[in-house]
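Just so you know, residue 1 is the first one in the sequence shown, and it goes up from there. In what follows, every heavy atom counts, from backbone to side chain, and hydrogens, waters and symmetry copies are set aside.
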Amino acid sequence: FYKPQQQSFYSMTKEFYTEFVSELKQGKLDKDSATKLKIRLAAKHGLKKIPNDVEVFLNLPEAEAKSLKQQLLIKPVRTISGIASISIMTKPYGCPHGRCTFCPGGPKSVFGDVPQSYTGREPATMRAIRAGFDPYLQVFSRLEQYAVTGQSFDKVELIIQGGTFPWMPNDYKEKFIGYAYKAMNDFSSEFFSGTDNNEEELEVDLKKYKEFFEMPGKFQDEERVKRVTEKMLQLKGGDNSFNSSEEFLLQQQKLNETTKIRCIGLTIETKPDWGKTFHGDHMLKLGCTRVELGIESVYEQQLKLTNRGHTVKDARESLQQLKDLGFKINAHYMLGLPGSRRESDLEG
């Protein structure tokens, strides 16, 4: 997920880090001042490249890494709300009504076998493809990225993308969500130290984290990625010990209630015709708290011209029934569809 490094981490001089940390400790520097400091010290100590914040963070002794984490925080806006968002993709699976005319992806699309309504070039989709659409690997790898950038990720909102999720087989849905929970549970037990009360901030055990993910090192080295993936799969294990996918899901949900990394929100994408009370009841069992509902248009003609597969009446019923079940709703709406005009779009 980071560009390959031309120079190995361990070959960077100890003097650079010693002096950099010393100046950081003297007073909190803003990002601009810290960047200028790195440029000056890299030139002073003859480094061939300027270490980025991730490299600095991973090469610091554990005590300094914890105390200076906030000054080296990368992309802090990602978790500024206190919640870390993780989007994961289901395997390519067609929709029951066929394909909407504006849908770019799906099985056997022009982009290949990619999730429904995606091209395969979105960051979340590329991560999913690398992970073979395995929910465990997708979540575990995303947590790895949050940790390496110094983010806070003890509260996670999980977003399931990739098409009409309620249409997929129950066994697949329950295992998919169950392994997403398991990734959070396993990451917690492997790498978190401290307690989950308000008196002590939860901290990643950097020593264990670096050993497991073989850091510092080249992030995209194929051999390293292969070895780390094997370790993740060993932690994942199999599901032969469970009588059903439902039993497995319930066990992982129960564990997640007291683990260090907790799923505090779960979002599922669906269409109005697959977002009624029957579907909502099962989404509640999965732990869903919010539904992204693809309404797209409030005009029957536009829905028919785009082969949307549902009616305006479906959208009305879905909104009412899902809200009655207690879900939060994100409603998608598309402008410029066939048969639309600027005035009708604004009115819609």
Side-chain angles (χ1 to χ4, degrees), residues 79 81-91 93 115 124 127-128 131 133-143 146 153-189 192 196 202 235-237 239 241-272 274-294 318-319 321-331:
T79 55
S81 67
I83 298 172
S85 175
I86 297 180
S87 297
I88 60 176
M89 290 277 178
T90 58
K91 65 182 180 181
Y93 211 99
R127 287 194 296 267
F133 298 102
D134 185 319
Y136 186 92
L137 295 181
Q138 290 182 69
V139 172
F140 212 93
S141 297
R142 199 73 180 105
L143 293 173
Y146 275 127
F153 54 96
D154 55 323
K155 298 181 182 70
V156 166
E157 179 178 26
L158 191 64
I159 301 173
I160 311 301
Q161 298 177 323
T164 310
F165 192 66
W167 152 249
M168 299 177 187
N170 283 352
D171 182 69
Y172 175 77
K173 288 184 289 187
E174 288 162 359
K175 285 183 179 178
F176 189 87
I177 302 293
Y179 276 114
Y181 277 114
K182 191 175 192 301
M184 288 180 260
N185 298 339
D186 289 351
F187 200 98
S188 298
S189 59
F192 265 72
D196 56 356
L202 292 172
L235 279 178
K236 177 187 175 184
D239 56 6
S241 59
F242 299 98
N243 295 323
S244 67
S245 55
E246 184 178 11
E247 180 187 352
F248 169 66
L249 171 66
L250 289 172
Q251 186 218 47
Q252 296 304 320
Q253 286 175 328
K254 188 66 179 176
L255 286 172
N256 194 253
E257 291 177 5
T258 55
T259 196
K260 309 297 185 186
I261 303 171
R262 297 180 190 175
C263 183
I264 54 85
L266 174 61
T267 299
I268 288 176
E269 290 183 329
T270 190
K271 294 165 66 257
W274 285 86
K276 304 292 181 71
T277 299
F278 174 79
H279 314 106
D281 283 340
H282 193 252
M283 287 193 282
L284 286 173
K285 289 182 180 179
L286 296 173
C288 181
T289 57
R290 182 174 67 173
V291 176
E292 290 196 7
L293 192 64
S318 179
L319 280 167
Q321 291 171 23
L322 291 176
K323 284 188 174 184
D324 285 346
L325 288 173
F327 289 108
K328 298 175 184 176
I329 303 291
N330 277 11

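- Partners of Lys155 by salt bridge (charged side-chain N to carboxylate O under 4.0 Å, His left out), not counting sequence neighbours: none found.
- To the nearest 0.5 Å, the span separating OG on Ser189 from CG on Leu235 amounts to 7.5 Å.
- Residues Thr277 and Gln321 bring a donor and an acceptor atom of their side chains to less than 3.5 Å of each other.
- A side-chain donor-acceptor contact under 3.5 Å links Tyr172 to the backbone of Lys91.
- For the pair Gln138 (side chain) and Thr90 (backbone), a donor-acceptor distance under 3.5 Å is absent.
- Remark: Asn256 engages Asn185 in a side-chain hydrogen bond (donor to acceptor under 3.5 Å, both in side chains) (not counting sequence neighbours).
- Across Gly294 and Pro272, no two heavy atoms sit closer than the pair O-CD, 3.3 Å.
- Taking the six-membered ring for Trp and the full ring otherwise, the centers of Phe133 and Phe176 sit at least 6.0 Å from each other.
- With hydrogens and angles ignored, the 3.5 Å screen pairs no side-chain donor or acceptor of Thr164 with any backbone N or O of Lys271.
- Residues Gln253 and Lys285 form no side-chain contact, since every pair of their non-hydrogen atoms from C-beta on lies 4.5 Å or further apart.
- One finds the OG1 atom of Thr259 at 9.5 Å from the CD atom of Gln252 (value rounded to the nearest 0.5 Å).
- Checked against ring pair (Phe, Tyr, Trp, His ring centres under 6.0 Å), Phe187 has the following partners two or more places apart in sequence or in another chain: Phe140, Phe153, Phe191.
- The backbone N or O of Gln161 sits nowhere less than 3.5 Å from a side-chain atom of Glu269 that would complete a donor-acceptor pair.
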Candidate pair Ile177 and Phe165, rule side-chain contact (heavy atoms from CB on, under 4.5 Å), full reasoning: CA-CA 11 Å; Ile177 302 293; Phe165 192 66; 4.2 Å; yes
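- When every heavy atom of Pro166 is checked against every heavy atom of Trp274, the shortest pair comes out as CG-O, 3.5 Å.
- The closest donor-acceptor contact from the side chain of Tyr146 to the backbone of Ser85 lies under 3.5 Å.
- In this structure, the salt bridge (charged side-chain N to carboxylate O under 4.0 Å, His left out) partners of Arg290, at least two apart in sequence or on a different chain, are Glu157.
- For the pair His279 (side chain) and Lys276 (backbone), a donor-acceptor distance under 3.5 Å is present.
- Proximity of a side-chain donor or acceptor of Thr289 to a complementary backbone N or O of Gly265 within less than 3.5 Å is not detected.
- Minimum interatomic distance between Arg127 and Ser87 (heavy atoms only, all atoms of both residues): NH2-O, 4.3 Å.
- With hydrogens and angles ignored, the 3.5 Å screen pairs a side-chain donor or acceptor of Lys182 with a backbone N or O of Lys236.
- Residue Ile268 forms a side chain to side chain contact (heavy atoms under 4.5 Å, CB included) with just one option from Leu293, Val291, Leu286, and that option is Leu286.
- Across all their heavy atoms, Pro169 and Tyr93 have their closest contact at CD-OH, 3.1 Å.
- Under the salt bridge (charged side-chain N to carboxylate O under 4.0 Å, His left out) criterion, Lys173 pairs with no residue at all, not counting sequence neighbours.
- Counting heavy atoms from C-beta outward, Ile159 and Ile86 have side chains that stay 4.5 Å or more apart.
- Take Asp281 and apply the salt bridge (charged side-chain N to carboxylate O under 4.0 Å, His left out) test, not counting sequence neighbours, and it matches no residue.
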